[in-house]
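First comes the structure, then the notes that go with it.
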Amino acid sequence: MNELKRKDKEFIWHPFTQSLTAPDPIVIKKASGAYLYTDDGHRLLDGISSWWVNSHGHAHPHINQAIAKQADKLEHVIFASFTHEPAINLAEKLIQKAPKGLKRVFYSDNGSTAVESALKMAFQYWHNKGENRPYILSLEHAYHGDTFGAMAASERSVFTKAFWPLLFNVLKAPSTCVSEINASFAASDITHSALKKLDLILQKYNKHIAAIIIEPMLQGAGGMRIFTPGFLRGIRSLCDAHKILLIADEVATGFYRTGLFFACNHEDISPDIMCIAKGLSGGYLPLAATLATEAIFEAFLSTDKSKALLHGHSFTANPLGCAAALASLDLFERHENQENIKKLSELFKQSLKLFSDAPIKNARSLGPLIAIELDAKGGYLSEAAQAMSAYCYKEGLYIRPLGNIIYFMPPFCLSPEEALWALELIQKAIKNITI
Ligand code: PLP
């Protein structure tokens, strides 16, 4: 074991890792474009964009320069009494890009804090208006983060079991996934049935529900579940009908991860509150935001100070993060980058047929994302999926399956030829490993 690994073992506690049995972590020495380089000279394609954050590739000169330039001016300042140019410019741009109606940007520093801020905004919105609405409703299979509010809103799972007694009660409604479509169930039937069930819950609890929180179009960590057409729009309509706030958690889906700028754009809906993080800074720095409508913002305006949103984080609106985000938005606007996202999206859709005779349950894609659901035992600890990632690793592709779901979600700078190489490798891994 080399010296770095020895020290890592001695001093570090890694996330989502059983330290007693996990293999030693791989030391990454540098990264460039879509590739990671290990300290023993291995080149790896970053097939999951480093936990879905990296948009334009690693060490992008445009973002590097923006951060360096900002570091020379202002690296950080408290955001309660002060403000600064990068945060203001970024907020203006985000509002221009956001679904219509969202007018205010509340910064924080990661996806979970963006969700916590959203939940607190929704609860306090009703509280400030003199209404007691004790419930949040979320969808089955949801994942919204690892802090307490976010865990409560997520599906109860092995990840949160130790904390169940502490998690507040959340109402649950079914979600839909295109994998459920078959000869007996058309997409429209699945959508209709799930919306009907949601409507019944809303009729029962409506004046008691503060908000519905959803991951629009794609439930990521819950298994890369892609909504059936009409489900997202249907949820928005039911929120309107029952006068309940809609929180769109776009932490994973924002910034073209599903092929459009925001996943809400697929069905042209506007939430009342929207959470963004991960790709916001191009995957460079911890930065997040919770966007809200003017009506929500106004409910916090009062001469009574206790009606303010008394919430914030030390690194709120970090100027380096904001500078990285502005540079990332510049890159998204470049024609060639837009074109590549379209090409990858088309390739992924076409590549579903690579898996048509594989021994799998289902393959699905949405924009520059493809997910293959293995027909194997083991749930989150699926051995087949582990064996496949080991196979891909040896060949130079890094993937990290979610249980039996193998997915490929590379940085958008990847060329279609490189993407096809990775998809064919995954196809080979599935063929070579007995499920
Ligand atoms: N919301 C969604 C939809 C996510 O996928 C995640 C993380 O994967 C989070 C929230 C939490 O984000 P973070 O890991 O930055 O706290």
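In listed order, ligands and their atoms are each counted from 1.
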Any heavy-atom pair between the side chains of Pro401 and Ile405 that's under 4.5 Å?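 No - every pair of side-chain heavy atoms lies 4.5 Å or more apart.
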
Will you find, in the side chains of Ser50 and Asp46, an N or O donor that is under 3.5 Å from an N or O acceptor?
->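 Asp46 and Ser50 do have a side-chain donor-acceptor pair below 3.5 Å.
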
Acceptor/donor pairs from residues 210-227 side chains to any protein atom, 3.5 angstrom cut, sequence neighbours excluded:
unit_1	atom_1	unit_2	atom_2	d
Glu215	OE1	Gly220	N	3.1
Glu215	OE2	Tyr143	N	3.0
Gln219	OE1	Ser175	OG	2.8
Gln219	OE1	Arg225	NE	3.2
Gln219	NE2	Glu140	O	3.0
Arg225	NH2	Ser175	OG	3.0
Arg225	NH2	Glu180	OE2	3.3

His84 (side chain) donor-acceptor with Val77 (main chain) under 3.5 angstrom: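 No, the answer is negative, given that no donor and acceptor are paired below the 3.5 Å cut-off.
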
* Asked: Cation over ring, Lys97 on Phe261, under 6.0 Å and within 45°?
  ->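 Cation-pi check for Lys97 and Phe261: passes.
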
#### Entry: Tyr407 six-ring centre to Arg364 NZ/CZ under 6.0 Å and within 45° of normal
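Not satisfied by the 6.0 Å and 45° rule.
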
Would you mind writing out a table of all protein N or O atoms found under 3.5 Å from any N or O atom of ligand 1, naming both atoms and giving the distance to 0.1 Å?
unit_1	atom_1	unit_2	atom_2	d
ligand 1	1 (N)	Asp249	OD1	3.3
ligand 1	1 (N)	Asp249	OD2	2.7
ligand 1	8 (O)	Lys278	NZ	3.1
ligand 1	15 (O)	Gly111	N	2.8
ligand 1	16 (O)	Asn110	OD1	3.3
ligand 1	16 (O)	Ser112	N	2.9
ligand 1	16 (O)	Ser112	OG	2.6

